[in-house]
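Scroll down for the structure; my scribbles are underneath it.
Just so we're clear, the structure is a prediction, and the values are computed from it rather than from any experiment. Here is how names work: the chains are called A, B, and so on, in the same order as the sequence lines, proteins then strands, and each is numbered from 1.
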Protein chains: 2
Amino acid sequence: MSARTAAPAWEALFRAQVHLMRHFEEAKDFAPLTSREYDVLFTLARCGGAARMRDLVPHLLMSQPSLSRMVDRLASDGVLERRIADGDGRGVIVALTDRGAELQRRVGRRHVRSISSRLDAVLTEDEQVELRRLCAKLQDPETGPDDARHAGETRRAGSQKEEER
Amino acid sequence: MSARTAAPAWEALFRAQVHLMRHFEEAKDFAPLTSREYDVLFTLARCGGAARMRDLVPHLLMSQPSLSRMVDRLASDGVLERRIADGDGRGVIVALTDRGAELQRRVGRRHVRSISSRLDAVLTEDEQVELRRLCAKLQDPETGPDDARHAGETRRAGSQKEEER
DNA sequence: CAGAAGTTCATGCAAATGCATGAAACTACC
DNA sequence: GGTAGTTTCATGCATTTGCATGAACTTCTG
C-alpha cells in the first residue's frame, strides 16, 4: 500500500484538471455555451448526433433531472431537438440540429487548439502520450467492487449529505 | 502543434479525474461532508488551521459568495469559526474548531486509504510517481498570458454565458 | 486631514442543481 | 388479457450557485 505515492498522484491529477479546466473556461473555449452544455453537444456528436436520454446521462456530469431541463433549454435555443423513441413511447431521443452540430464543431475546433497550445507549452509529445496512457489505466473498470458497466466514462464532481458533522 | 496527442491527453486526464472523483464520492469518502465542504476543511488544515477568506477563495472550487455562505453553514455546524482579522476590519479569518480539525483528519485518513486502494490497483508506484510529475508540469504557471499568481492551485469546474447560440 | 479609489466580505436575486416523486409506457407473470 | 412491477422521463421543491451590487473598511493623493 503506497499512500506515499498514491495520494500525491491523485492530488496532482485533481489539481491539474481543475487548473486546466479553469484556464479553458477563462479563455472562453466554450462560449457561447457553458462547459456542461458543450459536454452535452460533444457527447451527442460522438454518438453520431443523436442518443437516448438514459444512455446520455451516465456519460455526463449531471443528474437525470438536470439533463432533462438542460435539453429543454438547448432545444428552445434550437441547437438540438427531442424526439420520441420509436418502439418505446417512454424513450426520448435527443438529436443535434444542423445548427447544433455546426456549433459543436466550431467550438470543438477552438477548444482543441486551446488544449494544444496549453499542453504543448509544458509537455513534450512523448509526455503527452505517456500521460494519456496513465490516465487511461486509471479508468480501467477491471478494479473496484462497484464498477462494471463503465465503458466510455465522462464527467462530474457531485456531493453527499450529512450523517453526523 | 500536436493536437494529435494533446487533445487525447486532456480528454483522458479529464475523464480519469471525473471517474475517480465519482468513485470516491460513491464510496462515501467525504461523508458526512460534501466534497466541496471537505475541500474547505482540507485547505484550511493545510494552511495551519486558519486563513483569510480572500486567500482561501483562489484555492477552492467556488465563488467568493459561495464560500461566504458555506462558511456560514459550516460555522453553524460548529466545525469552524469566523474571526475579524486584526489590523484589517474588513478581513475575515476562518479557523477550524477542534471538532473541525478532528473531522478533517478523520475524513482525510479515510480518503487517503480510499485513494491508495484505488490507484494501487491499476498503477505501479513508478507510474504513480510519473503521473504526479506530469500533472505537476501541467500546472506550471510559466505559460499562458493570464496566470502569474497561481501557486498551490486547487479546484473548480465553472461555466460561462451565452453571446450568440 | 479630506475625499477618492481600492479592497474585502455579505446579500438580493435569478438561475441551475439534486432529491424525491409522479406520470406514462413497457414487461412479466398468472 | 389483466394486474403488478419496472423503466424512463418530467416536475415540485428546497438548496446551492454565481453575478451584480452594497456596506464597511483601508489606502492613496493632494
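In this view, A/Ala136 satisfies the side chain to side chain contact (heavy atoms under 4.5 Å, CB included) rule with no residue, not counting sequence neighbours. B/Arg83 is linked by a side-chain hydrogen bond (donor to acceptor under 3.5 Å, both in side chains) to nothing, counting only residues two or more places apart in sequence or in another chain. Partners of B/Arg105 by salt bridge (charged side-chain N to carboxylate O under 4.0 Å, His left out), not counting sequence neighbours: none found. Among residues two or more places apart in sequence or in another chain, the side chain to side chain contact (heavy atoms under 4.5 Å, CB included) test is passed with A/Val129 by B/Thr5. Partners of B/Ala50 under the side chain to side chain contact (heavy atoms under 4.5 Å, CB included) rule, at least two apart in sequence or in another chain, are B/Ile93, B/Ala95. With sequence neighbours left out, the side chain to side chain contact (heavy atoms under 4.5 Å, CB included) criterion links A/Ala45 to A/Leu96, A/Gln104. Under the salt bridge (charged side-chain N to carboxylate O under 4.0 Å, His left out) criterion, A/Arg69 pairs with no residue, sequence neighbours left out. Applying the salt bridge (charged side-chain N to carboxylate O under 4.0 Å, His left out) rule to B/Arg52 yields the partners B/Asp88; only residues at least two apart in sequence or on another chain are considered. Partners of B/Glu130 according to the salt bridge (charged side-chain N to carboxylate O under 4.0 Å, His left out) rule, which considers only residues two or more places apart in sequence or in another chain, are B/Arg133.
B/Arg132 contributes no side-chain N or O that, together with a main-chain N or O of A/Ala12, makes up a donor-acceptor pair within less than 3.5 Å.
To the nearest angstrom, C1' of D/dT11 lies 12 Å from CE of A/Met53. Between the P atom of C/dA15 and the CE atom of A/Met70 lies a distance of 15 Å, rounded to the nearest Å. Rounded to whole angstrom, the span from the CG atom of B/Leu60 across to the P atom of D/dT16 amounts to 17 Å. Taking atom CZ on B/Arg52 and atom P on C/dA10, their separation rounds to 11 Å, with Å as the unit. One atom, CG of A/Leu67, and another, P of D/dA10, lie 8 Å apart when rounded to the nearest Å. Atom pair A/Arg22:CZ and D/dG18:C1' shows a separation of 14 Å (rounding to whole Å applied). Computed from coordinates, the B/Leu56 CG to C/dA10 P distance equals 12 Å when rounded to whole Å. Following rounding to the nearest Å, B/Gln64 (CD) and D/dT16 (P) show an atom-to-atom distance of 17 Å.
Under 4.0 angstrom from either OP1 or OP2 of D/dG18 there lies at least one side-chain N or O belonging to B/Ser66. The side chain of A/Ser68 places an N or O atom within less than 4.0 Å of a non-bridging phosphate oxygen (OP1 or OP2) of D/dA10.
There is no path of hydrophobic side-chain contacts, each under 4.5 Å, that joins B/Trp10 to A/Val112.
In DNA chain C, runs of at least 3 stacked Watson-Crick or G-U pairs (N1-N3 plus N6-O4 or O6-N4, or N1-O2 plus O6-N3, all under 3.5 Å) give these stems: C:1-30 with D:1-30.
Comparing atom distances between the A/Arg36 side chain and each of D/dA10, C/dA16, D/dT17 picks out C/dA16 as nearest.
A heavy-atom distance below 4.0 Å to DNA chain C is reached by these residues of residues 82-96 of chain B, ordered by number: B/Arg82, B/Arg90, B/Gly91, B/Val92.
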If you restrict it to nitrogen or oxygen atoms, what contacts under 3.5 Å exist between nucleotides 12-14 of chain D and the protein, and what is each distance?
from	atom 1	to	atom 2	distance (Å)
D/dG12	O6	A/Arg69	NH2	2.6

